[in-house]
Amino acid sequence: MERKHDVIVVGAGPAGAAAAAVLAQKGCDVLLLDRELFPRDKVCGDAVPSGAIELLYRLGMKDKILAAQQREEFYPLQKMRLVSTRGYEVEATFQKGVTGADSFVAPRKYLDAVIQQHALDCGAEFRQAQVKAPIIEAGQVVGVTAQTNGATHQYRAEVVIGADGVTSAVARALRPKDERHSNQHRAVALRAYIDDIETLPHEIEFYLYKKILPGYAWIFPTGDQQANIGLGMRLDHFRARKQDLNSMLEQFLAMPAVKKRLIHGGRTHDVATWQLSFGSQQNLQSAFNGAVLIGDAAGLINPLTGGGIHNSLISAELAAKVIFEALHDGDFSRERLRQYQVACHQALWKSMRRSYRLQTSLLRFPFLVDLLVNRMGANSQLTKIFLSKL
Ligand SMILES: Cc1cc2nc3c(=O)[nH]c(=O)nc-3n(C[C@H](O)[C@H](O)[C@H](O)COP(=O)(O)OP(=O)(O)OC[C@H]3O[C@@H](n4cnc5c(N)ncnc54)[C@H](O)[C@@H]3O)c2cc1C
C-alpha cells in the first residue's frame with residue numbers, strides 16, 4: 001500500500017514544481033507526478049519576465065538561475081520591440097526587478113528542469129506517472145489514479161493540486177461541463193526554433209499585423225543568430241478564417257522585414273503547436289473538495305500577450321499558502337480551499353480584463369496598432385502591457 005501523502009501535485013511544469021517546492025520547504029509530504037521525465041521540452045515562446053524570476057528568487061532559486069545564465073541556457077533581455085502592420089516600430093526597455101532580477105528568454109527544456117530540481121531539493125518526491133483522473137469518494141477528492149509503464153497505481157493525499165497544463169485531466173474531471181473555456185478565450189499557437197537569423201541583441205520582437213490579429217508573431221533570441229520564433233491567434237478567428245499555422249509561419253518568414261535577416265534562408269527545427277486558455281473567461285471554479293487547479297490547468301494566460309509563466313507561479317504560491325493552512329486545520333473542504341480561488345482572482349483579474357478589452361479593440365479596429373505604436377510609442381497601454389504582462 002502506498003502511504004497517504006499530504007499533497008499530490010499533478011504536473012511538474014512551473015506551476016506544479018513551484019507549488020511542490022513551497023509546500024515541501026514548509027515540511028509537507030509532497031508527491032510530484034509528471035508524465036514526462038525532466039529535462040523535457042514544452043511548446044512556449046520561452047520569454048520570462050523579471051517579475052517571474054523575482055518570484056523564483058523568493059522561493060530560493062537565485063543561485064540556480066544565475067548558474068543557468070552562466071551556462072548560457074538563459075538569455076538575458078534588455079528591450080522589446082513592437083512592429084505594426086504598416087511597419088511602425090516602438091522600442092521599450094524592460095525594468096529589472098527590485099532584487100535586480102532580469103527578464104530572460106529561457107527555453108523551457110532548461111527553465112522547467114531548474115524549477116523541478118528545486119522542488120526535489122526542497123524535499124518533494126518525484127515519480128513519472130500519467131494521471132488518468134482524480135479519485136473521488138463521498139464528493140471529496142482523495143487522490144489520483146495514474147499509469148506508469150502500463151501499470152495502474154492509486155496515490156492518495158489530503159489535497160490534490162491539478163497543475164497538469166491546458167489539457168488537464170484533473171480539471172476535466174472536476175469542472176462542470178458548462179464551465180469550459182469558449183473559443184473567444186482560447187488560442188492556438190505554433191513555436192519553432194530557428195538558426196541562422198540576424199537577431200537583435202537582448203531584444204525580443206512582437207509583430208502585430210492585420211492578418212494575425214487578434215494574435216501576433218514573435219522573434220525571441222536565445223543566443224547569437226538563434227531564436228525562438230512563432231505565432232498565435234485567438235481560436236474563434238483562427239477557425240473562422242480557416243487558417244493553417246504552418247502556412248502562417250511561412251508567410252511570416254517571407255515578410256520582407258524578416259526575410260532579409262535570414263542567413264541562407266534560415267533553418268527551423270522543433271516546430272510544434274499547442275493551445276492556450278486565457279484567464280479572461282469568467283466564473284470558472286478552481287477550488288473543489290480536496291483539490292485546486294493552478295497555472296494553465298486553471299486557465300490563467302494573459303489574453304493579450306499570451307504570457308502564462310508568471311501567472312502560473314503566482315497561482316502556485318497562493319495555492320501553497322492556503323493548502324498549508326488547511327493542512328494545519330485539517331479542513332480540505334471546497335469552502336476552505338476557495339480562499340485560494342479568491343486570492344488568485346484578486347491578484348490577476350483586473351489585468352486580465354484590461355488585456356482582453358484591448359485585445360478585442362485591436363480586433364475591431366486593427367489600425368489602432370499603427371496608431372498606438374506610431375503616436376503613443378512607449379507610453380501606450382499596449383506597450384506597457386507587453387512589457388509587464390509577458
Ligand atoms: C506557443 C506558446 C507560446 C507561449 N509563450 C509564452 C511566453 O513566451 N511566456 C510565457 O510566460 N508564457 C508563454 N506561454 C504560456 C506558458 O507556456 C504556460 O502558461 C505555462 O507553461 C504554464 O505552466 P504550467 O506549469 O501551468 O503548465 P505546463 O507548463 O503545461 O506544465 C504542465 C505539466 O503537466 C504535465 N502533465 C500534463 N498532463 C499530465 C497528466 N495527465 N499526468 C501527469 N502529468 C501531466 C506535463 O508533462 C507538464 O510537465 C506560451 C504558450 C504557448 C502554447
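Computed from a predicted structure; not experimentally measured. Whatever order the structure lists them in is the order used to number ligands and atoms, beginning at 1.
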- Mode of V166 contact toward ligand 1 - side chain, backbone, both, neither (heavy atoms, under 4.0 Å): neither

- Task: Start with the C-alpha gap between D34 and R127, add the side-chain angles, then the distance that decides, and say whether salt bridge (charged side-chain N to carboxylate O under 4.0 Å, His left out) holds.
- Result: CA-CA 7 Å; D34 201 291; R127 289 205 202 161; over 6 Å; no

- Message: Can you classify the ring geometry of Y209 versus F252 as parallel (below 30°), tilted (30 to 60°) or perpendicular (above 60°)?
- Response: parallel

- Query: In terms of residue, atom name and distance, what is the protein heavy atom nearest to atom 38 (N) of ligand 1?
  - Reply: R35 NH1, 3.3 Å

- Task: Look at ligand 1 and say whether G306 reaches it with a heavy atom at a distance under 4.0 Å.
- Result: yes

- Which heavy atom of the protein is the closest neighbour of atom 2 (C) of ligand 1, given with residue, atom name and distance? C44 CA, 3.7 Å

- Under a 4.0 Å N-O cut-off, is there an ion pair linking E54 with K62? no

- Below 4.0 angstrom, N of the basic side chain to O of the carboxylate: do D164 and R172 qualify? no

- Task: Inspect the contact between K96 and D102 and indicate whether a charged nitrogen and a carboxylate oxygen are less than 4.0 angstrom apart.
- Result: yes

- Query: In terms of side-chain geometry, is the basic nitrogen of R81 or E91 positioned less than 4.0 Å from the acidic oxygen of its partner?
  - Reply: yes

- Message: I'd like to know whether ligand 1 has K132 as a neighbour, heavy-atom separation below 4.0 Å.
- Response: no

- Item | I301 N/O under 3.5 Å from ligand 1 N/O | no

- Item | Heavy atom of the protein closest to atom 35 (C) of ligand 1 (residue, atom name, distance) | D34 OD2, 3.2 Å

- Task: Determine whether any heavy atom of A163 lies closer than 4.0 Å to an atom of ligand 1.
- Result: yes

- Quick one: does A187 get within less than 4.0 Å of ligand 1, heavy atoms only? no

